[in-house]
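Structure, as structure tokens:
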Protein chains: 2
Amino acid sequence: MKISDSGDSIQNTGKRANGRGHNTSIDVAKLAGVSQATVSRAFNPASKMNPSTRQRVLDAASALKYAPDAIARSLISNSTNIVAVIMQNTTNPFYATVLSKLSIRLRSMGKQILFFYLDDEGHMKDLIHQILQYRVDGILITSVTLTSDLADTCVDFGVPVVLFNRYMNTPGIQAVCCDNVQAGRDCADYFFMKGYRSFAFIGGHDEASTSHDRRRGFVSRLEERGIHDCPVINTPFTYEGGREGFRRLLEQEGTCPKALFCVSDLVCAGVLDCARSEYGLRVPEDAAVIGFDDIELASYSAYSITSFVQPMDSMIDRVLDLLLSEKQPSESTNLTLFPCTLKTRGTA
Amino acid sequence: MKISDSGDSIQNTGKRANGRGHNTSIDVAKLAGVSQATVSRAFNPASKMNPSTRQRVLDAASALKYAPDAIARSLISNSTNIVAVIMQNTTNPFYATVLSKLSIRLRSMGKQILFFYLDDEGHMKDLIHQILQYRVDGILITSVTLTSDLADTCVDFGVPVVLFNRYMNTPGIQAVCCDNVQAGRDCADYFFMKGYRSFAFIGGHDEASTSHDRRRGFVSRLEERGIHDCPVINTPFTYEGGREGFRRLLEQEGTCPKALFCVSDLVCAGVLDCARSEYGLRVPEDAAVIGFDDIELASYSAYSITSFVQPMDSMIDRVLDLLLSEKQPSESTNLTLFPCTLKTRGTA
DNA sequence: CTGAAAGCGCTTACAG
DNA sequence: CTGAAAGCGCTTACAG
């Protein structure tokens with residue numbers, strides 16, 4: 001069988017007809033014998049057209065290994081279908097899980113993730129400006145806040161910003177959090193119900209709203225129940241931070257309180273290892289411990305951490321809603337709170 | 001002081017002059033009294049121009065909060081400065097670390113990451129085609145391989161593909177791995193040196209080259225030393241996989257071998273927890289155990305896992321080199337291997 | 001050193 | 001239902 005040399009047979013080699021990397025809609029139009037506009041319509045399901053023409057175009061496209069250039073499409077349609085995701089806390093597996101779930105959900109909606117790891121909050125300004133140059137459809141920020149002028153810049157550019165596990169009062173900036181204050185109160189109640197009467201909170205720096213709110217709920221509920229001397233230890237949000245925090249707690253108090261609330265499971269793992277390996281304490285006999293996030297490690301039998309569970313899937317649903325819905329942000333509901341539940345295991 | 005109404009004063013409001021979301025180079029050109037081409041040049045450091053003209057343009061741009069549209073720039077310059085990253089294994093913190101390091105390195109080079117989590121290898125074909133539509137500058141794939149026709153597609157499109165911790169024989173596809181075979185051999189030698197004479201390998205499915213190669217090095221070195229009966233347990237690359245694998249090992253062998261090589265630290269943690277909590281075994285007294293990756297958990301005192309360290313930073317350097325260098329891929333060096341080192345801790 | 005103009009690969013009114 | 005044409009916001013030869 002002889003293959004036509006003219007290049008307009010459907011049995012094409014698939015090689016680019018132009019000098020660049022790919023075939024374009026013009027190449028497909030030539031091969032299918034239609035206009036370039038018709039090729040464009042054939043790839044847009046919303047465009048009504050003659051089904052047999054569409055099929056002819058798609059066959060030609062497939063012979064030429066053509067697919068529309070998403071960049072050119074973005075330029076003319078003024079929408080990139082790209083969402084920027086900024087994460088600070090990749091050492092906490094909780095956020096690694098959030099990222100994979102986001103990726104799957106967004107991809108099923110035809111959206112892409114432009115990913116940024118923030119090593120230093122001082123880089124936030126550069127980062128936001130860099131992101132805005134890519135004309136993203138939205139920005140999701142986990143565990144970091146914005147300065148209010150950066151928030152204003154995003155609002156000015158008409159780019160929706162959603163904070164995950166942080167919140168701020170700037171109009172136009174949406175936030176999705178779990179109800180950290182209530183979880184703190186629930187933790188106090190749970191410890192009380194179990195009969196504990198001496199406590200401590202081991203958390204992160206107080207500027208982080210998660211830590212601040214968990215502590216506030218915990219301490220204020222204890223006060224309502226007549227406990228006014230709950231020690232609060234500030235320490236980094238890490239395993240090492242947990243170990244170090246536990247050492248400081250014992251130095252400071254002289255003896256170990258009976259019930260410890262840790263700001264995260266990672267901190268909790270550090271507390272447990274330090275208590276056991278450096279002080280020979282048994283958990284929960286000598287001290288009960290509760291963590292937060294219910295990361296996989298919490299279920300490992302070496303730890304078996306009783307931990308607060310965030311309703312991650314519902315929170316992600318809400319984030320995507322806010323990020324991608326066409327409706328203008330209503331000024332009224334800037335913060336959506338989701339309740340946590342306690343998953344009891346061996347440590348409390 | 002009276003602000004000019006004409007709109008061509010530098011004391012502009014910063015509001016978009018056009019009806020869309022942002023000011024464009026044309027708005028800046030008007031304000032600065034230059035041509036649009038000159039605005040473009042002012043933002044390209046490589047373009048030589050009168051410094052005072054450049055400054056006037058940059059001032060006008062800043063007054064209008066203008067920055068070049070990266071999408072439009074991508075279209076005309078035929079380079080998006082976007083690299084696609086595909087990850088399968090986000091539950092393994094090793095890859096979370098790789099991702100954050102990649103993010104920092106790429107951003108410092110003015111490149112962005114388009115991130116994809118692969119939940120199902122069957123989705124790879126759709127994924128690659130989706131990525132190619134975005135005209136990325138390169139594709140990095142961790143812990144997954146491509147079918148050879150997908151690899152060919154990428155090569156056809158002129159998009160460099162680099163595999164991280166996988167390799168394949170397709171021309172044009174580069175790979176960066178640690179030397180898993182050698183690490184397996186080193187592990188056998190280390191156990192031998194410590195006096196152990198009964199062994200097992202607990203790993204992932206054998207199609208994964210990491211697991212395959214670590215097993216091969218380990219088993220073949222044992223054979224060179226006269227051990228021909230090393231049991232090999234296939235189990236998922238997870239904590240639960242480790243627990244389950246250890247149970248199967250004991251069922252199968254009746255008694256626990258003295259020296260266990262685990263394909264990853266996560267699997268190793270499962271093995272340790274199962275050995276301790278379900279069988280009451282002590283490590284390393286009853287059995288020595290070695291893991292792989294040196295994730296943070298390996299250093300936790302509850303585990304203290306002796307583990308192989310991959311030279312992550314050097315490997316990432318090489319990956320970026322291959323992904324971004326202009327030079328054509330040389331057919332000769334498809335695979336770059338990096339040596340691992342053993343970090344000894346409590347378990348062996 | 002700077003401007004006018006072409007063009008990157010699409011989408012989408014506007015006609016017919 | 002389809003085509004001709006304008007235009008998205010840039011970069012970059014090509015002149016002057």
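Note that the structure is a prediction, hence the values are computed from the model and not measured. Letters A, B, ... mirror the listed sequences (proteins, then strands); counts begin at 1.
Not a single salt bridge (Lys or Arg N to Asp or Glu O under 4.0 Å) links A/Asp152 to another residue, sequence neighbours left out. Residues passing the side chain to side chain contact (heavy atoms under 4.5 Å, CB included) test with B/Asn50, sequence neighbours excluded: B/Ser52, B/Thr53.
Residue A/Ile141 holds its CD1 atom at 13.0 Å from CG of A/Asn165, rounded to the nearest 0.5 Å. Atom CZ of B/Phe115 sits about 5.5 Å away from atom CG of B/Leu99, to the nearest 0.5 Å.
Nucleotide D/dG9 holds its P atom 15 Å from the CD atom of A/Gln133, rounded to whole Å. Look at CG on B/Leu64: it is 15 Å from C1' on D/dG9, rounded to the nearest Å. Distance CG (A/Asn78) to C1' (D/dC8): 8 Å, rounded to an integer number of Å. With rounding to whole Å, B/Arg56 atom CZ is found 8 Å from C/dT2 atom P. Rounded to a whole Å, the CZ atom of A/Arg135 is 21 Å from the P atom of C/dC10. Rounded to whole Å, the distance from CD1 on A/Ile71 to C1' on C/dG7 is 17 Å. With rounding to whole Å, B/Ile26 atom CD1 is found 8 Å from D/dC10 atom P. One interatomic measurement links the two molecules: NE2 of A/His22 to P of C/dG9, which rounds to 9 Å at whole-angstrom precision.
Of the listed nucleotides (D/dG3, C/dC1, C/dG9), C/dG9 has the atom at the smallest distance from the side chain of A/Thr24. Of the candidates D/dT2, D/dG9, C/dT2, the closest approach to any side-chain atom of B/Met49 belongs to C/dT2.
The main-chain N or O of A/Ser74 is never found under 3.5 Å from a side-chain atom of A/Thr80 such that the two would form a donor-acceptor pair.
Annotation: salt bridge (charged side-chain N to carboxylate O under 4.0 Å, His left out) contacts involving residues 157-169 of chain A, sequence neighbours excluded, are absent.
Nearest-nucleotide mapping onto DNA chain C: of B/Gly33 and A/Ala67, the residue sitting toward the 5' end is B/Gly33.
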Next item on the list: Could you encode protein contacts along nucleotides 11-16 of chain D as a string, one character per nucleotide from 5' to 3', using B for base contact, S for sugar-phosphate-only contact and - for no contact, with a heavy-atom cut-off of under 4.0 Å?
Entry: BBB---
Check: Would you write out the dot-bracket form of DNA chain C, 5' to 3', with Watson-Crick and G-U pairs under 3.5 Å, [ ] for crossing pairs, | for pairs to other strands and . for unpaired bases?
Finding: |||.||||||||.|||
Check: Given the rule in the side-chain contact (heavy atoms from CB on, under 4.5 Å) test, do B/Leu335 and B/Cys177 qualify, once you have shown the distances and angles that lead to the verdict?
Finding: CA-CA 7 Å; B/Leu335 171 61; B/Cys177 287; 4.0 Å; yes
Could you go through residues 122-129 of chain B and list every donor-acceptor pair under 3.5 Å that involves a side-chain atom there, pairing it with any protein atom two or more places apart or in another chain?
| unit_1 | atom_1 | unit_2 | atom_2 | d |
| --- | --- | --- | --- | --- |
| B/His123 | ND1 | B/Asp119 | OD1 | 3.2 |
| B/His129 | ND1 | B/Lys125 | O | 3.0 |

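Contact annotation: B/Ser74 side-chain N/O to D/dC10 OP1/OP2 distance is not under 4.0 Å.
Aromatic ring orientation, B/His22 versus A/Phe157: tilted (interplanar angle from 30° to 60°).
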